[in-house]
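We count ligands from 1, going down the list as the structure has it; atoms in each ligand are counted the same way. Index from 1, following the sequence.
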Amino acid sequence: MGAKKSGRRASGTAVPLSEELARMSGTQNVVSEGKRLEEYSEDMAGFRATPAVVVRPGSEEEVRKIVALAGRRRLPIVPRGAGSSLTGASVSKGAIILDMRRMDAVVKVDTVNWYVRAQAGITLEDLNKRLEKEGFFFPPDPASSSICTVGGAIAEGSGGLRCVKYGTVKDWVLSLRLVLPNGKAANFGEPLAKNRAGFDLVHLVVGSEGTLGVVTEACLKIIPIPGTQPKRLLLTFDDWRSASDAICQLRASKIMPHMFEFLDRETIQALNKNLGTSEDEAEATLIVDIEEPSLGAAMEIFKRNGPSKVVMAKDAKEAEAFYQIRSMAYLAIRGLGKAVQVEDIVVPIDRLGEYMMKVKETASKHGLRILVNGHAGDGNVHPVILYDEDDKRSRAAAFRAFEEICRYGISIGGSITGEHGVGTQKVKLLREQMQAHEGEEALRLMKEIKRIFDPKGIMNPGKYVEAA
Ligand SMILES: Cc1cc2nc3c(=O)[nH]c(=O)nc-3n(C[C@H](O)[C@H](O)[C@H](O)COP(=O)(O)OP(=O)(O)OC[C@H]3O[C@@H](n4cnc5c(N)ncnc54)[C@H](O)[C@@H]3O)c2cc1C
């Protein structure tokens, strides 16, 4: 017993880390070598770092013990869901990776107070399948919903296709349980429609990228599935100016789409090539969901801006096919077999057309291909820079292009991230944005907050705010 507590054997030698973790979570839930460890060495944008060990806890109690162990040994520890983030946030060299996906229970669906209490490891898709049975849904829908977890989506403050109407994950978290870096569990917030008791620590954790603690459970707001579905349209335009004029005029006329997405020609080409679609390869494609009463006015605006095609989905199957065009875009691009640098810049919506043209200019200046898709209704642009990993010059050009398009975004009042976060990828640019937008004091306070939560610096260290 004494040996277990102190992490030393009776002989005085240290118990190996994986052995100590196996005592807490079972041997079958510890991975310390081989191909399975390799799987945890990469995120879905290809950021790589090999951890020391992976452990898959089955309860909050186990999480507490594991975090306390990391504290005692002063080892880096990184909570992880599906590893689908795109910024290096979920990989860390020599760390204990805490794979949260065994903790995937829906604890309670409250159909009067309209919230769901769920463990952090459940995927958003499984959560919504469970809610559907009660006639409810959780609106935030990253394109990775089939794999990404509640904990990962909270820690990333994820967005998605329906944000334009429903907001991002941050708008839907009422309360959560967090295992702090000292191994204690804390309740933040209340599962209530209103709560003004104290500072809003819930929203400090949302978007904290696993640097403040481990989310084990959360109460998320839910709403009834709407009785009528909006109409889904697919439109194409021959130039970005017309497409962006249509986007701005729709907003100026106070029409609120449920979803408002865009893709460029090269992304459609990638979809046609790799996923067997046969969409028109127009300069700009928009996919938009509009409620029936606003449909006539919206159509008028779109037609005024000279679209080359306007199609309204004739049934649910076709509407789903339009949705898939957008949600499969990243996978289609990955299918081109090139290394990618995935971007996530937010610009004021009235500067979207200008920004698209800047991205294309930057691509040709550096002799690169930059494919672009994104959320028109949020001004959230996802340029995907393709480059050749084995060619030093191509790598350098991609990096320069990445910095230039981020800096241009900052210069027109935008942000370097709307939903993917900072991780290790955008540390320098986070600092630049804060400096450019008078956020230096805010950044100083953020660093202090990190130190208060994690004085030993063990929780997903060397990234995000701490590193900026
Ligand atoms: C094809 C594809 C499409 C995508 N589309 C979108 C999109 O539309 N919108 C969007 O916002 N993002 C999108 N993403 C990015 C990514 O899927 C989201 O950020 C997602 O929410 C991450 O969830 P995850 O479970 O995979 O977290 P991980 O990648 O495992 O972790 C992400 C971060 O969260 C932390 N973390 C994970 N679990 C916990 C926990 N329980 N407690 C504390 N911290 C934790 C990790 O330490 C890490 O910092 C996409 C990614 C891919 C590959």
Side-chain angles (χ1 to χ4, degrees), residues 39-40 42-47 51 54 57 60 63 67 76-92 95-104 118-127 140-163 168-170 173 176-181 205-218 259 261 323 326-335 340 342 344 346 373-375 378 380 382 384 417-425 453 459-465:
E39 284 164 20
Y40 291 90
E42 196 167 309
D43 71 8
M44 290 193 186
F47 284 89
V54 178
E60 184 182 279
V63 174
V67 174
I77 179 160
V78 181
R80 179 165 164 134
S84 70
S85 62
L86 302 165
T87 62
S90 59
V91 292
S92 185
I96 302 173
I97 298 282
L98 209 51
D99 178 344
M100 296 297 290
R101 286 174 297 178
R102 276 180 70 215
M103 293 179 61
D104 63 353
Q119 286 187 312
I122 190 169
T123 67
L124 294 189
E125 186 171 278
D126 286 347
L127 182 77
D141 62 338
S144 53
S145 288
S146 62
I147 50 170
C148 78
T149 62
V150 161
I154 291 175
E156 287 293 341
S158 293
L161 277 61
R162 289 191 287 240
C163 293
T168 66
V169 166
K170 85 172 172 341
V173 187
L176 49 82
R177 280 186 69 76
L178 191 77
V179 171
L180 300 162
V205 175
V206 176
S208 60
E209 302 190 10
T211 62
L212 298 182
V214 185
V215 177
T216 54
E217 197 178 287
M259 181 180 91
E261 300 292 306
Y323 184 91
R326 174 61 185 89
S327 78
M328 299 304 280
Y330 181 63
L331 294 180
I333 295 170
R334 288 307 305 251
V340 297
V342 188
D344 170 41
V346 192
N373 60 76
H375 313 289
D378 310 319
N380 192 181
H382 294 310
V384 185
T417 176
E419 49 184 29
H420 293 173
V422 171
T424 50
Q425 183 198 26
F453 270 73
M459 195 58 68
N460 208 359
K463 298 179 190 169
Y464 196 24
V465 165

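With sequence neighbours excluded, the residues forming a side chain to side chain donor-acceptor pair (under 3.5 Å) with Asn373 are Arg326, listed by chain and number. In this view, Asp344 and Asn380, Thr417 satisfy the side chain to side chain donor-acceptor pair (under 3.5 Å) rule, not counting sequence neighbours.
The CG atom of Asp126 sits 10.5 Å away from atom OG of Ser145, with the distance rounded to the nearest 0.5 Å.
Under the 30°/60° scheme for interplanar angles, the aromatic rings of His420 and His382 are found to lie parallel.
At a heavy-atom cutoff of 4.0 Å, ligand 1 is surrounded by Met44, Val78, Pro79, Arg80, Gly81, Ala82, Gly83, Ser84, Ser85, Leu86, Ala89, Ser90, Met100, Ala120, Pro142, Ala143, Ser144, Cys148, Thr149, Gly151, Gly152, Ala153, Ala155, Glu156, Ser158, Gly159, Gly160, Glu209, Gly210, Gly213, Val214, Val215, Tyr330, Glu419, His420, Asn460.
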Side chains of residues 205-216: which donor-acceptor partners sit under 3.5 Å, not counting sequence neighbours?
unit_1 : atom_1 : unit_2 : atom_2 : d
Ser208 : OG     : Val205 : O      : 2.6
Glu209 : OE1    : Gly423 : N      : 2.8
Glu209 : OE2    : Val422 : N      : 2.7
Thr211 : OG1    : Ser208 : O      : 2.7
Thr216 : OG1    : Glu60  : OE1    : 2.8

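With Leu124 as the fixed residue, the side chain to side chain contact (heavy atoms under 4.5 Å, CB included) test singles out one of Cys148, Ser144, Ser146: Cys148.
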